[in-house]
Amino acid sequence: MKTCLVVDDSRVVRKVARKILEELSFACDEAEDGRQAMEACVRRMPDLILLDWNMPVMNGIEFLRSLRQMEGGDVPRVVFCTTENDLAHIQEALSAGANEYIMKPFDSDIVQSKLAQIGLV
Amino acid sequence: MKTEDFDLFQSVLKQRSGLVLTRDKAYLLESRLTPVARRWNMKDLGELAGAIRSRRDERLLRDVTEAMTTNESSFFRDGKPFELFRQVVLPTFLKAREDTRRIRIWSAACSTGQEPYSLAMILHEEQAKLAGWSVEIVGTDLSTEVLDRARAGVYSQFEVQRGLPITHLVKYFRQQGDRWEIIPEIRRMVTYREFNLLNDLGTLGTFDVVFCRNVLIYFDQPTKTRVLEAIGRIMPPDGVLVLGGAETVLGITDRFKPMDNHRGLYQLTTAPRPQGLAVKAAG
Ligand SMILES: C[S@@+](CC[C@H](N)C(=O)[O-])C[C@H]1O[C@@H](n2cnc3c(N)ncnc32)[C@H](O)[C@@H]1O
């Protein structure tokens, strides 16, 4: 079973995302911010990280940059999932090593389509 | 709804767009034609039917027909056919048309443009191989409303997140608030034209590649046969037809046969033409 880490400071978003991903047969873990996500990745690299941008403690882009420098940190596919929906943010995310980008609001169609783009469904 | 009104709408739609409406879909008439009735200051479908009966107003009939079409589409819909276009179809024609350096592609029910623009983006990605070539993409649809949207090339945030890789969004679109506009370079690669598939296809010229996806599903079998065979007549012997996921030629016409190992792609057969002319097509 493929594994996914859902990183978002909103419990509601985590819950919605988790439900969609579980329906797509992912085993999900959750983190509330970038630091918690780092800790989770140190324990075990997931196949997929669904990543919010704005979070307290360590935001999404900082997390992604650190992740890509960790040993094995190039393995997880990272999909941003954020209300930052302008071209500048998207470009910044891609150059930091994001694989896909979801602009909120999202639904299961969009998640599925984006995961298909990166060969995860 | 009165039976005679249902029958009227049913026959108008069958005749004008090929749409087959069974009685269990009467609710679709209600939901899609009520706004049309409102626009024409009529109180309900009964009055709309009455107006159609008493004056065969072309604009009214067109409104009714367009309102009943299903325009659902997405970029790179179903993925695979577009992958095959890039990996199989395009290389084949790059070889086969080396002498003329000309390829014509038809998106036969293009709706809001996602299908022809997906093809245009693929061609753009392969542009190094296409220097000196003339590749034409023609998008047609019955509905003028969707064609206006296709020509504008402006899509919602939702629409650009279905089927479109994020790298393509960044490369081929400009942002306008929460809407995304396709760049002129891609838009210029597609020509749009109003065209009803029930009409004479002879006016369109010939096409090497025909995408005719998710429209035949709305027709009855004789109409499917008629349209597919008409398409076959405007394709060269080595032309490629691409159908939607729920569509096939099997049991509908023997002018086309599925291509081995390439699901959704069809080629002309050398089978005798329906008129009985035993024409042996090359290849
Ligand atoms: C579901 S869309 C398909 C769009 C695109 N080909 C795709 O697969 O995503 C069907 C389109 O067929 C058009 N259509 C229906 N009947 C037609 C006809 N008789 N001639 C031309 N277009 C027709 C409708 O207006 C609609 O835009």
Side-chain angles (χ1 to χ4, degrees), chain A residues 6-8 13 16-17 20-21 23-24 48-54 60-61 64-65 67-68 74 76-121, chain B residues 70-87 111-115 117-119 121-122 124-125 153-186 213-214 244-245 263-264:
Chain A
V6 178
V7 191
D8 201 301
V13 171
V16 171
I20 292 171
L21 288 157
E23 261 159 33
L24 295 170
L48 169 69
I49 300 174
L50 195 73
L51 184 61
D52 188 17
W53 194 298
N54 296 307
I61 198 83
L64 176 57
R65 291 206 177 99
L67 172 79
R68 291 307 192 207
D74 53 341
R77 317 268 87 196
V78 174
V79 178
F80 261 101
C81 183
T82 168
T83 50
E84 299 296 348
N85 55 10
D86 57 283
L87 209 48
H89 276 89
I90 298 173
Q91 266 156 343
E92 189 180 352
L94 290 178
S95 48
N99 301 95
E100 258 299 343
Y101 200 102
I102 294 172
M103 297 176 269
K104 288 175 182 170
F106 63 101
D107 63 8
S108 71
D109 266 8
I110 289 175
V111 174
Q112 194 167 353
S113 160
K114 290 296 185 179
L115 295 187
Q117 294 304 334
I118 52 176
L120 278 180
V121 288
Chain B
T70 299
N71 309 120
E72 168 87 9
S73 192
S74 58
F75 290 103
F76 300 96
R77 184 169 183 175
D78 303 334
K80 196 78 191 160
F82 294 91
E83 233 169 82
L84 289 173
F85 173 78
R86 190 171 62 79
Q87 291 170 354
S111 189
T112 38
Q114 286 93 331
E115 184 173 278
Y117 286 140
S118 299
L119 294 168
M121 287 185 264
I122 294 173
H124 193 274
E125 298 282 307
V154 179
Y155 298 93
S156 70
Q157 183 171 297
F158 180 73
E159 287 170 319
V160 297
Q161 298 207 82
R162 284 178 69 207
L164 192 69
I166 194 67
T167 46
H168 280 48
L169 181 71
V170 169
K171 192 165 168 192
Y172 295 120
F173 290 78
R174 294 285 162 267
Q175 190 169 22
Q176 313 170 328
D178 60 353
R179 316 208 33 98
W180 297 80
E181 181 181 9
I182 201 138
I183 57 171
E185 203 177 339
I186 298 295
R213 308 186 65 221
N214 304 301
R263 207 159 170 268

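Lettering of chains follows the sequences in order, A, B, ..., and the numbering in each one begins at 1. What you are looking at is a predicted structure, and each value in this text was computed from that prediction instead of being measured.
Looking at A:Q91, the atoms closer than 4.5 Å to chain B (heavy atoms on both sides) all sit in the side chain, from C-beta outward. For A:N99, the part lying near chain B is the backbone, with the side chain staying farther off; criterion is any non-hydrogen pair under 4.5 Å. Interface residue A:I102: backbone and side-chain heavy atoms are both found under 4.5 Å from chain B.
Ranked by heavy-atom pairs shorter than 4.5 Å toward chain B, the options A:K114, A:Q112, A:M103 are led by A:M103.
For CZ of B:R263, the number of neighbouring non-hydrogen atoms (other residues, nucleotides, ligands) closer than 6.0 Å is 12 at most.
Distance check: A:I90 CD1 to B:T167 OG1 gives 11.0 Å after rounding to the nearest 0.5 Å. Of the inter-residue distances, the one linking A:F80 atom CZ with B:I166 atom CD1 reads 11.5 Å to the nearest 0.5 angstrom. The CZ atom of B:F158 sits 5.0 Å away from atom CG of A:D107, with the distance rounded to the nearest 0.5 Å.
When side chains are defined from C-beta on, A:N85 does not count as touching B:Q161, because their heavy atoms never get closer than 4.5 Å.
In terms of heavy-atom proximity, A:D109 sits nearest to B:R162 at OD2-NE, 4.1 Å. Among all heavy-atom pairs drawn from A:S113 and B:G163, the shortest one is OG-N, 2.7 Å.
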